[in-house]
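Report on the following structure.
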Amino acid sequence: MIELSGMKILITGATGGIGAEIARMLSQEGCRLVLTGRNDQAGLSLAGELAGSFFLPADLVEDEPYDIITRSAELLGGLDGLVNCAGMVLSRTLEDTSLDDFEDVMTLNARVPYFLCQAALPFLRDSSRPVIVNIGSVVSKKGYPLQSAYAASKHALLGFTKSLAAELFEEGIRVHAVLPGGVDTPMAARVRPDIDTSDLISPEEIAETVRFLIRFRGKGVVDEIEIHRGNSLPWN
Ligand SMILES: NC(=O)c1ccc[n+]([C@@H]2O[C@H](COP(=O)([O-])OP(=O)(O)OC[C@H]3O[C@@H](n4cnc5c(N)ncnc54)[C@H](OP(=O)(O)O)[C@@H]3O)[C@@H](O)[C@H]2O)c1
């Protein structure tokens, strides 16, 4: 296990349910963070709560990935890690999914993390403990009704995560995926209102997996962590 204190990490989607808990947990470990999101109020309030952290307001679809990464590295004085957590869900039949719907979900969930990783590479190469964690979903491996566009985007994210992990392996840059089932956040409330919130995974549990992946640098490598709801079948 490595010491996280002093690590400089950019977290996208930090204004959301899962991202905010990742930020709180990494901050408790002494990480210095840049938090992105569009919601100024939530971002400023969270950054105010977490010592040594900054809020960088950004619309990841509109803004240039290189600008976001460069600004983050300037604020932190370098970059050791990138946690791609921003995402959106679409719950719609194939027939009702427009080209714009498809492009929105593919852009935010797959294109944005891809090019943030690309922009972050020069900074990660200068780090002694470089790491990327991409937040996928159990839908990165499965299919559910009404989630064809979301599933396509999360499969794409996992596919590029695997390739990048292999591509950067020799350089010691670790690239991981976390694949959660339903988590108790505003997103789950929107897409799965049928699930009782008491049956959902807590955002803190997802944050624990991210912290573990960043800390775990032994002789073994953990590529991904898949975490499903406690009342859904294991290995399913
Ligand atoms: N909740 C679940 O059940 C679940 C399950 C599996 C995987 N996931 C994945 O976990 C990640 C986080 O989800 P969550 O549950 O925390 O969702 P959430 O509470 O809805 O948060 C989504 C985050 O993404 C950000 N975001 C959305 N569009 C953006 C844009 N154009 N530019 C910048 N930021 C943008 C939001 O920022 P603003 O609000 O500031 O715009 C927010 O911080 C997603 O990748 C999601 O696919 C969630």
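Just so you know, ligand 1 is whichever comes first in the structure, and atom 1 is the first atom listed for that ligand.
Heavy-atom contacts of Gly16 reach the following atoms of ligand 1: 16 (O), 19 (O), 21 (O), 42 (C), 43 (O) (cutoff under 4.0 Å). When each atom of ligand 1 is checked for a heavy atom of Ala58 under 4.0 Å away, the hits are 32 (N), 33 (C). Every atom of ligand 1 is numbered from 1 in the order shown, and the set under 4.0 Å from a heavy atom of Cys85 is 11 (C), 12 (C), 44 (C), 45 (O). Here is the list of ligand 1 atoms found below 4.0 Å of a heavy atom in Gly87: 22 (C), 24 (O), 27 (C), 44 (C), 45 (O). Proximity to Asp59 (heavy-atom distance under 4.0 Å) selects the following atoms of ligand 1: 30 (C), 31 (N), 32 (N). Near Gly37, the atoms of ligand 1 lying under 4.0 angstrom from a non-hydrogen atom of the residue are 40 (O). In summary, the atoms of ligand 1 found under 4.0 Å from a heavy atom of Pro186, numbered by their order in the structure, are 19 (O). Which parts of ligand 1 touch Val61 is read off a 4.0 Å heavy-atom cut-off, strictly below it: atoms 31 (N).
Side-chain contact between Arg192 and Leu200 is absent, with no heavy atoms from C-beta onward closer than 4.5 Å.
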Exercise for review: Show your working on side-chain contact (heavy atoms from CB on, under 4.5 Å) between Ile135 and Ile22 and close with a plain yes or no.
Suggested key: CA-CA 11 Å; Ile135 308 297; Ile22 296 171; 4.2 Å; yes
Point to revise | side-chain contact (heavy atoms from CB on, under 4.5 Å) between Leu168 and Arg125, intermediate numbers included | key: CA-CA 10 Å; Leu168 300 178; Arg125 286 193 170 112; 4.2 Å; yes
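Within the 4.0 Å heavy-atom criterion, the part of Arg190 lying near ligand 1 is the side chain and not the backbone. Within the 4.0 Å heavy-atom criterion, neither part of Asp184 lies near ligand 1. Residue contacts with ligand 1, taken as heavy atom pairs separated by less than 4.0 Å, involve Ile18 via backbone and side-chain atoms alike.
Here the shortest heavy-atom pairing between Glu205 and Ile201 reads OE1-CG2, 3.5 Å.
In this structure, Gly181 is part of the shell of residues with a heavy atom less than 4.0 angstrom from ligand 1. Residue contact check for ligand 1: Lys154 places a non-hydrogen atom closer than 4.0 Å to it. Using 4.0 Å as the threshold, Val89 has no heavy atom nearer than that to any atom of ligand 1. Every heavy atom of Pro203 sits 4.0 Å or more from the atoms of ligand 1.
In terms of modelled atom types and a separation under 3.5 Å, the side chain of Asp80 and the main chain of Ile9 share no donor-acceptor contact.
Taking atom 35 (C) of ligand 1 as the reference point, the nearest protein heavy-atom neighbour is Arg38 NE, 4.0 Å. Annotation: atom 23 (C) of ligand 1 to nearest protein heavy atom, Gly13 CA, 3.8 Å. Protein heavy atom in closest approach to atom 13 (O) of ligand 1: Met187 CE, 3.7 Å.
No more than 12 heavy atoms of other residues, nucleotides or ligands sit less than 6.0 Å from atom CZ of Arg71.
Note: the hydrophobic cluster containing Met88 does not contain Leu179 (ILVMFWY, side chain heavy atoms under 4.5 Å, direct or indirect links).
Looking only at atom types and distance, the side chain of Asp100 has no donor-acceptor partner in the side chain of Ser98 under 3.5 Å away. A donor and an acceptor atom, one from each side chain of Thr15 and Asn39, are nowhere located under 3.5 Å apart. In this model, no donor atom of one side chain and acceptor atom of the other lie less than 3.5 Å apart for Thr93 and Glu95.
Screening Lys162, His176, Lys141 for a side-chain hydrogen bond (donor to acceptor under 3.5 Å, both in side chains) with Glu224, the sole residue that qualifies is Lys141.
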